[in-house]
Every structure is written in structure tokens, then in C-alpha cells.
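Order of appearance sets the numbers: ligands from 1, and atoms from 1 within every ligand.
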Amino acid sequence: MKNTSISILLLLLSVSYFSCKQNNPPVPYGAIPTEHQIAWQQLEYYMFIHFGPNTFTDVEWGDGQEDPKVFNPTDLDCQQWAATAKAAGMKGIIITAKHHDGFCLWPSKYSTHTVRESSWKNGKGDVLKELSDACKEYGLKFGVYLSPWDQNHPAYGTPEYNQIFANTLDEVLSNYGEVFEQWFDGANGGHGKKQVYDWNLFHKTVYEKQPQAIIFSDVGPGCRWMGNERGVAGETNWSTMNIEGFEPGHGAPPTNILNSGEEGGQAWVPAETDVSIRPGWFYSPATDDKVKSVEKLVDIYYTSVGRNSNLLLNVPPDRRGRIHPNDSVRLMEFRQSIEKDFAINLIKDADIQASDVRGNAYRVANTQDGRYNSYWATNDSVLNPWIEVDFKKETAFNRLMLQEYIPLGQRIKSFTVKYWDQEKEEWSNLANATTIGYKRILRFPTINTARLRVEFEGLACPAISELGVFHAQEFLSPPIVDRDRFGIVTIRCESPDPVIYYTTDGSEPSVNSIKYEKELSLKEGGIVKAISVINNGVKKSEIVTADYDVSSGQWKVLSESNEDYNKAIDGNNRTYVTIPITEALTIDLGKGYSLKGFTYTPQGNINAANISRYNFYVSNDGNKWDKVKNNAVFNNIKNNPIKQDILFENIIQTRYIKLEPTELANKNDKYVIAELGIITR
Ligand code: FUL
């Protein structure tokens with residue numbers, strides 16, 4: 001059997017060698033990238049910085065009415081941001097020069113809500129100047145985010161605003177050197193004031209001042225949002241999409257299209273994955289212990305860079321104006337972890353053959369040379385070729401990396417990975433996948449084999465730049481801590497056979513802490529920190545922190561009693577209740593509490609009918625109600641549906657609470673609550 005396949009292979013190779021030797025490059029297929037888009041794609045990974053008044057006021061969307069004096073970093077150090085980005089392996093930094101509150105991080109002459117009006121440096125500071133200088137010093141690209149939605153500018157909602165926004169853009173793009181990416185936010189949660197944006201004017205302004213800049217928005221034209229803020233690009237991810245007739249924000253194609261792009265789409269608009277290292281985009285001391293784990297970040301790397309998308313990872317500076325040590329340490333661990341995964345390309349010493357090769361300049365060895373610009377290609381008519389890798393000995397691996405030569409367009413529609421099964425003496429399926437694009441990395445359980453084969457299905461003859469096979473480390477999963485509504489805490493771990501240790505006094509757990517053997521009770525709330533360990537601590541997981549307030553065991557849902565409504569207070573974020581929009585959710589807490597605020601956990605799905613605006617009431621007898629929040633906003637809940645911690649201005653003594661929706665993130669006649677909780681601690 002083995003001999004037969006080798007002879008077939010030799011025959012095929014000699015046929016392709018003697019019969020067809022096209023030495024001209026393949027013709028590009030479909031929409032293709034500009035030289036700037038190619039250079040941009042090769043950056044792969046860079047930093048997002050959300051910084052502004054929100055950093056100091058603990059909100060995700062400032063309403064533009066905040067006192068500019070609140071912006072007062074005590075020790076701002078943009079060099080520390082740049083040094084951190086560089087050490088993390090990032091290629092640039094994009095900063096929120098102006099977020100939805102309209103506050104400008106430079107002393108703009110088109111606004112009165114800027115650093116000039118703040119307390120920082122007595123109004124003499126300029127964050128864009130400091131950051132662009134630091135980026136130059138550290139050899140990093142510099143990019144700017146400007147939100148067209150502006151809740152402060154008095155002209156917003158009038159035709160004049162478009163020119164004012166264009167002037168603002170012009171100012172930023174003229175004064176801080178080269179800008180590699182111009183980030184346009186499509187969000188517009190504004191009530192009352194509506195603005196019809198003049199996108200043509202905005203684009204013209206960008207290209208006039210920074211012709212090389214890649215313009216980001218939901219629909220490009222330089223690169224596109226990939227449809228969620230969780231860090232998960234489509235498994236199928238075309239860099240092509242139809243953008244004609246669409247606009248950023250409300251006029252954008254559905255998020256599933258943004259997520260996967262479109263085969264044969266008329267424009268080249270590659271995906272960019274923007275995601276925050278913390279739950280929210282802006283810094284909050286409340287999230288210091290909620291920085292994403294290395295395991296999570298590595299997963300995000302595979303679902304972004306590994307799926308033909310650049311990764312824009314947000315790292316929000318703290319109130320000093322520095323990147324918090326929890327974030328920077330995590331970034332370094334993340335870099336090390338990725339570098340370890342890809343340290344040894346196992347095909348370096350392997351033999352590679354292909355079923356077809358265009359002329360000599362396109363030989364299959366080009367996929368092994370570590371140079372993006374040399375590639376393997378087949379003759380024009382060969383759309384279904386294969387590559388075979390012979391490691392010459394049993395080799396263990398669990399990652400496969402492929403790169404298409406994108407200057408010729410995105411040509412591969414799907415591919416199948418097979419391994420040689422020594423026992424059965426046949427090729428067995430390892431993975432089926434769809435698109436490749438600039439970079440695709442497949443993950444699968446570790447396999448031991450001497451030979452590997454990739455079969456392609458092309459829309460045009462394939463042009464493959466690089467091939468990589470790696471043996472990445474397996475993580476020891478961190479513990480999963482759950483508490484039910486009666487306050488009973490259980491801890492488990494998905495990796496097999498670890499020992500779990502935990503603390504409840506806030507200290508870091510280690511092998512000397514309490515060993516988890518049975519559930520514990522935390523009725524009145526508390527902090528659990530846990531770690532998984534194997535081999536007596538030789539291998540450790542990351543530490544997980546779960547912070548609980550009083551449990552809901554004694555609570556009762558009073559609204560139209562239907563069993564399911566209890567899912568809103570069952571302590572489980574994975575279950576949720578749907579309630580008719582006309583009905584509020586009322587809860588009897590069983591006794592009076594001193595409330596600092598409440599929490600709303602939405603369903604974690606971007607298309608869910610989560611509450612985006614609400615009224616909140618309290619009562620001591622369940623009859624007479626006080627409204628403590630009136631048509632208030634759950635900021636950015638549509639795109640980032642995470643738990644909302646809402647604080648009241650004063651502590652309120654109450655026994656009954658009521659949440660009433662006034663607007664939903666997605667149109668529906670029912671709304672969703674995964675959990676409703678209170679803040680007393
Ligand atoms: C969204 C904004 O509304 C968020 O606040 C954040 O800036 C995110 C990157 O984009 O559209």
C-alpha cells in the first residue's frame with residue numbers, strides 16, 4: 001500500500017514537472033488588498049487604549065456632561081504604555097482620542113471639552129503628543145480612534161457638525177505624525193439628537209492627510225469590525241465583502257456577515273478583532289482582579305490571528321495614567337505562551353511534496369522558507385491539489401498553520417487535513433476547515449504520525465506562502481467557581497485530576513491553602529480565590545477570583561408568578577428568563593438591606609433582547625415605590641453584553657426592588673434577564 005502511494009506520487013510529480021511549467025505568476029483572483037492593507041495585515045497584533053474621563057468616573061459611556069476636571073491622571077506615562085506594548089510583542093497603539101463623551105485627549109480648537117479644560121497639568125497637557133512621541137521612540141505604529149457620536153458638542157445633530165468633525169479629524173491627522181489606522185466607531189446610542197454622517201467627507205479628510213491610513217469601521221473601507229467584542233472571528237473568514245450601500249453603525253450588514261465576510265465580495269475589507277483584556281473597555285478598580293487569563297488570551301489569539309484577522313487588544317491605563325501591573329504581567333505571560341507554542345516548526349526538517357507545482361519559482365519548498373513573499377502555486381487549471389509532509393519519524397503535534405499569499409487575493413475555499421494511520425495503513429481525517437487568508441491556525445488534539453497531508457479546494461489555483469506544524473503546550477484549566485442561590489459554593493476543574501486549593505480571606509491560594517474537598521457556604525457573600533495544581537504544584541493553573549454579595553436564597557420574584565422567573569435569581573448566569581416588555585421584574589428581598597447599588601447580568605449574546613435602558617425602583621412595603629434611576633443606560637450593552645454593576649448616589653435602605661426596561665438592545669416584545677443582584681458590600 002505504502003509503496004503504491006509513493007509510486008503514484010512520483011508519477012504525479014514527474015508528470016507535473018515535465019508537462020506544465022508555468023513560470024508566470026498566477027493572475028490575482030477577485031478583490032485584492034492594496035499595498036497598505038498588505039502591510040497592515042502583517043502587523044497582526046497591536047494595542048488599543050481606552051482612556052478619558054470614563055477612566056475616572058467608572059462608566060463605559062460618559063454622557064458628555066461630566067466635569068472635564070475629573071480627567072486628572074496623577075502620573076501619566078505614555079512611555080510606559082509604549083514600553084509595555086513593545087515588550088508584549090505588539091506592533092502599534094491605537095488610542096481613543098475622542099470617545100462618545102466628546103472629550104478630546106488633545107487641546108482641540110473645535111471643542112471646549114478637552115484636556116485643556118481638565119485639571120491635568122493645569123490644562124497644558126496633550127496626551128496625543130506624548131503618546132505619538134513615545135510610539136516613535138519605541139518603533140511602534142500610532143493610530144487614533146475618533147467617535148463621530150459626540151454627546152458633548154453643541155452642534156451635534158445639526159448639518160454643521162459634519163464639517164466640525166472633519167476639522168477635528170484634520171487637526172489630529174495633521175499634528176502627530178504618521179497614523180497607521182483611523183478607527184471610526186459606529187456606535188450611536190444617542191437619544192433625541194440624530195446626525196446623518198457625511199462619511200465621504202470624513203474619508204476624504206483622512207486620505208488627504210494620511211493616504212496610507214487604514215480606515216476601520218463596520219464596513220471598512222480599510223478593514224472591518226468582525227461583529228462582536230468577545231474576540232471571536234468567524235471560522236470561515238473571507239477578507240472580501242460587499243460594502244456598497246452599507247454604512248457603519250445602524251446601516252451595517254448583520255453581525256454574522258461581518259463575522260465571516262463574503263466569498264466573492266466586491267471589496268477587500270479584512271477583519272480586525274477588537275477585544276478588551278478586562279470586562280469593560282475603560283479602567284475600573286473593580287476589574288483589577290478580572291484581567292483575562294493567559295489561557296483566555298491564547299484562545300483569543302487563535303480565534304483572531306488564527307482566523308485571518310488582526311488582533312487589537314485593549315489595555316486600559318489606570319487612574320495614574322499607567323498600565324496596571326496586573327495587565328502588564330498578563331501581557332508578558334501571554335507573549336511567552338504564544339512564543340512557546342510556535343517555537344519549533346516541525347516541518348523545518350521534513351520532506352514536502354505537492355501533487356502539482358507551477359514552474360520552479362513556485363516550488364513547494366517555498367512554504368518552508370519562512371519568507372512570506374515566496375509561495376507555492378499550482379498550474380492555473382489545478383484547483384484541488386494536495387501537499388504531503390513526511391517527518392521521517394513519528395512526530396507529535398497539535399497545530400497547523402497556513403498562509404495564503406494575499407496579494408493574489410483569497411483563493412482557498414476549504415481544505416482537509418489528513419494524517420497517515422500506520423496501523424490501518426491509510427490516510428485518516430484530522431480536520432476539515434474552510435478559509436485560510438493571510439493566516440489560519442488549526443488546533444486539534446495531539447496526534448502522533450510520520451506523515452501529514454493537506455488537500456485544498458481552490459476558487460483559483462492555490463498560492464500558499466507558509467506552512468507550519470507545531471506542538472503547543474496544553475493548559476491546566478483554572479478552577480470554575482459556582483455559587484447557587486442558597487450560597488453554596490462548589491469548585492471544579494475541566495482538566496483531569498487536578499487538586500484544587502482555595503482561600504476565602506482574599507490571599508493568593510497555593511499548595512499550603514485549604515484543599516478543596518467539599519462545598520462551602522458563603523450565604524452573606526465573600527471572596528473565593530482558587531487554583532488548580534498537579535504534581536504537588538509542578539504545574540499550576542492561573543488563580544481565579546469569585547467575588548460574591550449576599551445570596552438570593554430568601555428572595556421571591558413577585559411579578560406574575562411563573563416558575564421560570566426564578567431563573568433571574570438562581571445564581572446561574574447561564575440560565576435566563578424572558579419577560580413581556582410590558583412587565584417589570586419585582587423582587588422581595590425577604591428583609592431590609594442597605595443597598596449601594598444593583599447588578600444586571602444580560603444574556604451573553606450580541607443579538608439577545610437585553611435591556612439597554614431602564615427604570616429602577618425601591619420600596620419598603622412593596623406598594624409605595626421610589627424611582628432611583630430614570631431611563632438610565634446600560635452602557636455599550638449591545639456589543640458587550642456583560643454584567644452591569646450600577647451604583648446609587650447614596651446608600652438606600654430597602655426590602656423590595658423593581659427593574660423596568662425602557663429600551664432593548666435588540667427589538668423584541670420580550671426582554672431577557674440572566675441574573676439580577678444587589679450590591680451591599
Ligand atoms: C464600541 C464603543 O461603544 C465602546 O465604548 C468601545 O469604544 C468599543 C471599542 O467600540 O462601539
Side-chain angles (χ1 to χ4, degrees), residues 46-64 66 92-105 127 143-152 156 181-191 195 197 199 202 214-220 222-233 247-255 258-259 271-284 287 292 300 304 309-317 602 606-607 610 612-613 633-645 663 665-666:
Y46 33 91
M47 186 183 271
F48 214 177
I49 293 263
H50 275 66
F51 191 55
N54 298 351
T55 308
F56 303 86
T57 53
D58 236 325
V59 297
E60 283 287 302
W61 282 359
D63 62 7
E66 57 281 321
I93 302 183
I94 301 178
I95 184 167
T96 52
K98 175 170 96 102
H99 203 251
H100 311 321
D101 52 23
F103 186 86
C104 301
L105 290 180
V127 182
V144 283
Y145 164 120
L146 277 116
S147 166
W149 180 31
D150 186 324
Q151 301 197 81
N152 175 270
Y156 189 84
E181 183 169 327
Q182 169 63 54
W183 219 92
F184 283 129
D185 197 308
N188 187 344
H191 271 249
Q195 178 79 39
Y197 297 126
W199 289 107
F202 304 163
I214 297 299
I215 298 183
F216 168 99
S217 82
D218 296 349
V219 289
C223 66
R224 72 171 199 272
W225 185 46
M226 61 63 187
N228 63 63
E229 296 182 357
R230 292 180 294 120
V232 187
E247 278 198 353
H250 298 307
T255 48
L258 298 178
N259 199 237
E272 181 181 84
T273 297
D274 60 317
V275 57
S276 185
I277 196 165
R278 291 177 177 236
W281 290 98
F282 284 89
Y283 174 81
S284 162
T287 57
K292 288 191 169 69
I300 286 175
S304 56
S309 166
N310 277 3
L311 172 57
L312 174 59
L313 181 63
N314 182 61
V315 187
I606 211 162
N607 297 312
N610 289 317
S612 53
R613 277 180 177 258
V633 191
F634 289 130
N635 294 314
N636 198 26
I637 201 161
K638 180 168 162 53
N639 291 342
N640 193 16
I642 55 169
K643 182 173 170 225
Q644 309 285 310
D645 291 331
E663 182 195 77
N666 291 292

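Against a heavy-atom cut-off of under 4.0 Å, Trp61 is close to the following atoms of ligand 1: 2 (C), 3 (O), 4 (C), 5 (O). Applying the 4.0 Å criterion to heavy atoms of Ala187 picks out, from ligand 1, the atoms 3 (O), 11 (O). Applying the 4.0 Å criterion to heavy atoms of Asp274 picks out, from ligand 1, the atoms 9 (C). Within ligand 1, counting atoms from 1 as listed, the ones closer than 4.0 Å to a heavy atom of Asn636 are 3 (O), 4 (C), 5 (O). Of all the atoms in ligand 1, the ones that sit under 4.0 Å from a non-hydrogen atom of Phe48 are 9 (C). Every atom of ligand 1 is numbered from 1 in the order shown, and the set under 4.0 Å from a heavy atom of Tyr145 is 7 (O). Contact atoms of ligand 1 toward Glu229: 1 (C), 8 (C), 10 (O) (distance under 4.0 Å to a heavy atom of the residue).
Residue Pro641 comes nearest to Ile606 through the heavy atom pair CG-N, 4.2 Å, listed as atom of the first residue, atom of the second, then distance. The minimum heavy-atom distance linking Leu313 with Ser276 is given by the pair CD1-C, 4.2 Å. In plain terms, the two heavy atoms of Thr273 and Ala233 that are nearest each other are OG1-CB, 3.9 Å. Ala271 and Met226 make their closest contact through CB-CB, 3.9 Å (heavy atoms, listed as atom of the first residue, atom of the second, distance). Pro148 and Asp185 get closest at one heavy-atom pair: CD-O, 3.3 Å.
Taking the six-membered ring where the residue is Trp, His100 and Trp61 present perpendicular rings, their angle passing 60° and hence far from 30°.
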Begin from the C-alpha positions of Glu60 and Asn640 and carry the test side chain to side chain donor-acceptor pair (under 3.5 Å) through to its verdict. CA-CA 10 Å; Glu60 283 287 302; Asn640 193 16; 5.1 Å; no
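Comparing Ile637, Asp185, Asn635, Asp218 against atom 11 (O) of ligand 1, the shortest heavy-atom distance belongs to Asp185.
Nearest non-hydrogen protein atom to atom 6 (C) of ligand 1 is His50 NE2, 3.3 Å. For atom 5 (O) of ligand 1, the nearest protein heavy atom (residue, atom name, distance) is His99 NE2, 2.9 Å. Protein heavy atom at the shortest distance from atom 3 (O) of ligand 1 is His100 NE2, 2.8 Å.
With His50 as the partner, the ring-ring contact (aromatic ring centres under 6.0 Å, His included) test is satisfied by one option alone out of Tyr283, Trp183, Tyr145: Tyr145.
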